[in-house]
Amino acid sequence: MKVCSRYKLLVSVFLFVCATLAWYVSRLSFDVHNLGVTRTSAAVERERVDSRHKHFTIPQDVEVNEARTPPTYFQHTIWRNKLVSLHQDVRLVPSTPPKGFVLPDKDCVPLPRSPTAGVVICVHPTELDMYVSGALKNGVLWEEHLVLMMKRYLETDPDLILVDLGSNIGQYSLFAAAMGHRVLAVEMMPRNVQHLQTALQISGLGSKVTIVNNALYSDHRSLKVQFLEGNIGGTRVNDSHTSKIHLNQSSVQTICLDDLTPILAGSKAYVKMDIENTEHQALQCATIFFSEVDIQVVQMEWLDREIQASEQILDFMDAYGYIISKDPNLHEPVHKTSIPKDIFFIKKPPTF
């Protein structure tokens, strides 16, 4: 009897141990499985986000101060009565200056040929900006013929938004806002942003303009910029074209055109793009932007471009159904071998 009892006890202990081990093994398997699912979901999410921000090879001669950061949408803002999520690097700033701020060397003059009275533009000292500010101080609209072409196009549709990429002190932005159009102004230099903010406040147009204080490039990073002596409007990110013609340097945070899509998705836009020969870089992460925004015209300065950069721009615009014209309001064909100083990319006519 004692042997049987001991045998039964040993069997019970053995069965208990086996049951316990089986429970632990099942829990371990469950946890590993769940960990695998979590890791897979995270990987899929990273792949989804990265696919919306395809990065391309950056030329080795571009000075890089910080490593590329992965696109992460977590910044939220209200735009046109809707909540939008933006990349953490997008610097949305108020359209008017902070309370108590006074623009150093404040010099605000009437905006020449303004569509409405009382609109001013704040200019730099002529010794710092001989071209744009110099013209405006003399009562002359800088690039007047281009501004008036834009004006004629904007007049065709009150819902068109001006996307002013490289807004400088805001001549195009102020002009479009004075017409009653909404504007998204992107400018990398804080000094220029302060000039635009002050002009918008004085002119009472702050509600019409959204300002983003970033440079546009092919990905996210901190890059040096270079100021050209006597030509603040020619300030540009540091690349091989500008390495020997700078006055001093500073750093700016770059973003992608795709990062602006949440603000503009579904809108009709006229794009003025003047970012000093880095347009080909900016277009390398603009696929979502051109897919989800109804961009009807892209105005672009075409000076001193290398053949490879020119081909990249032309190929991109052709892929999205644009042709080159001398005027945004009608199709004046331009041959690729004889592109003038300023051009407009317009949508191909249906019968083209």
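Computed from a predicted structure; not experimentally measured.
A side chain to side chain contact (heavy atoms under 4.5 Å, CB included) with N214 is found for exactly one of Q253, H220, E187, namely Q253.
No more than 12 heavy atoms of other residues, nucleotides or ligands sit less than 6.0 Å from atom CD1 of I307. Counting heavy-atom neighbours within 6.0 Å of K326 NZ, excluding the residue itself, gives a total of 12 or less. Within 6.0 Å of CZ in R152 there are more than 12 heavy atoms belonging to other residues, nucleotides or ligands.
The structure places CG of L154 at 7.5 Å from OG1 of T156, a figure rounded to the nearest 0.5 Å. Here the CG atom belonging to L111 is positioned 6.0 Å from the CG atom belonging to L141, to the nearest 0.5 angstrom. From L103, atom CG reaches atom CZ of R191 across 9.5 Å, with rounding to the nearest 0.5 Å. Distance CD1/I169 to SG/C122: 8.0 Å, rounded to 0.5 Å. D342 contributes atom CG, which lies 8.5 Å from atom CG of D274 (distance to the nearest 0.5 angstrom). The line from CE of M189 to CG of N168 is 10.5 Å long, rounded to the nearest 0.5 Å.
Residue F345 is grouped with residue I339 when hydrophobic side chains (ILVMFWY) are merged at heavy-atom distances under 4.5 angstrom, including chains of intermediate members. Linking Ile, Leu, Val, Met, Phe, Trp and Tyr whenever their side-chain heavy atoms come within less than 4.5 Å leaves V120 and L205 in two separate clusters. Under the 4.5 Å side-chain heavy-atom criterion for grouping Ile, Leu, Val, Met, Phe, Trp and Tyr, V132 is connected to M149 within one hydrophobic cluster. The hydrophobic clustering, which links ILVMFWY residues whose side-chain heavy atoms are closer than 4.5 Å, places V193 and I202 apart.
With sequence neighbours left out, the salt bridge (Lys or Arg N to Asp or Glu O under 4.0 Å) criterion links E155 to K151. Residues forming a side-chain hydrogen bond (donor to acceptor under 3.5 Å, both in side chains) with Y172 (at least two apart in sequence, or on another chain): E143, Q299. For the side chain to side chain contact (heavy atoms under 4.5 Å, CB included) test, residues two or more places apart in sequence or in another chain that qualify with T96 are Q201.
Side-chain contact between V109 and V123: present, with at least one pair of heavy atoms (C-beta onward) separated by less than 4.5 Å. Looking only at side-chain heavy atoms (C-beta outward), V293 and V163 stay at 4.5 Å or farther from each other. Counting only heavy atoms from C-beta outward, the side chains of F289 and C256 never approach each other to under 4.5 Å. Using a 4.5 Å cut-off on side-chain heavy atoms (C-beta onward), I161 and R182 make contact. Side-chain contact between L162 and L160: absent, with no pair of heavy atoms (C-beta onward) separated by less than 4.5 Å. Using a 4.5 Å heavy-atom cutoff, the side chains of I255 and H87 are not in contact. A 4.5 Å side-chain heavy-atom check between L196 and L174 finds at least one atom pair inside the cut-off. Considering only heavy atoms from C-beta on, F175 comes within 4.5 Å of M150 through its side chain.
At distances below 3.5 Å, at least one donor-acceptor pair connects side-chain atoms of D327 with backbone N or O atoms of N329. A distance-only check finds no donor-acceptor pair linking the side chain of S133 to the backbone of T126 [under 3.5 Å]. With D258 contributing its side chain and T287 its backbone, the two residues share a donor-acceptor pair below 3.5 Å. At least one donor-acceptor pair closer than 3.5 Å links the side chain of S267 to the backbone N or O of L264. When atom types are taken as modelled, the side chain of T254 and the backbone of D219 share a donor-acceptor pair closer than 3.5 angstrom. Within the 3.5 Å criterion, the main-chain N or O of I121 finds no donor-acceptor partner in the side chain of Q171. Here the side chain of K341 pairs no donor or acceptor atom with the backbone of L303 at under 3.5 angstrom.
The shortest non-hydrogen separation linking T278 to I275 is OG1-O, 2.7 Å. Heavy-atom minimum distance, Q197 versus P94: NE2-O, 2.7 Å. Summarising the geometry of A176 relative to V183, their closest heavy-atom pair is CB-CG2, 3.9 Å, with the distance given to 0.1 Å. Taking all atoms of both residues into account, the shortest heavy-atom contact from S95 to G206 is OG-O, 2.8 Å. Between W302 and P340, the closest heavy-atom pair is CB-O, 3.5 Å. Nearest heavy-atom pair across S325 and E332 is OG-N, 2.9 Å.
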**Item:** V298 and F290: CA distance, side-chain angles, deciding distance, side-chain contact (heavy atoms from CB on, under 4.5 Å) verdict
**Value:** CA-CA 11 Å; V298 178; F290 275 83; 4.1 Å; yes
**Prompt:** Taking it one step at a time, do F101 and Q194 satisfy side-chain contact (heavy atoms from CB on, under 4.5 Å)?
**Reply:** CA-CA 9 Å; F101 174 82; Q194 292 168 354; 3.7 Å; yes
**From CA spacing to verdict: side-chain contact (heavy atoms from CB on, under 4.5 Å), D89, D259** = CA-CA 9 Å; D89 290 337; D259 297 318; over 6 Å; no
**Message:** Determine whether V147 and R113 satisfy the following criterion, side-chain contact (heavy atoms from CB on, under 4.5 Å), listing intermediate values before the conclusion.
**Reply:** CA-CA 10 Å; V147 176; R113 304 200 63 163; over 6 Å; no
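Residue pairs meeting the salt bridge (Lys or Arg N to Asp or Glu O under 4.0 Å) criterion with at least one member in residues 156-170, sequence neighbours excluded: D157-K268, D164-K272. Applying the salt bridge (Lys or Arg N to Asp or Glu O under 4.0 Å) test to residues at least two apart or on different chains, the pairs with a partner in residues 279-288 are E279-R305.
For the 3.5 Å distance criterion, the side chains of H124 and N192 qualify, holding a donor opposite an acceptor.
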Enumerate, atom names and distances included, each donor-acceptor pair closer than 3.5 Å involving a side-chain atom of residues 312-323, sequence neighbours excluded.
residue	atom	partner	partner atom	Å
D318	OD1	K348	NZ	3.3
Y322	OH	I295	O	2.5

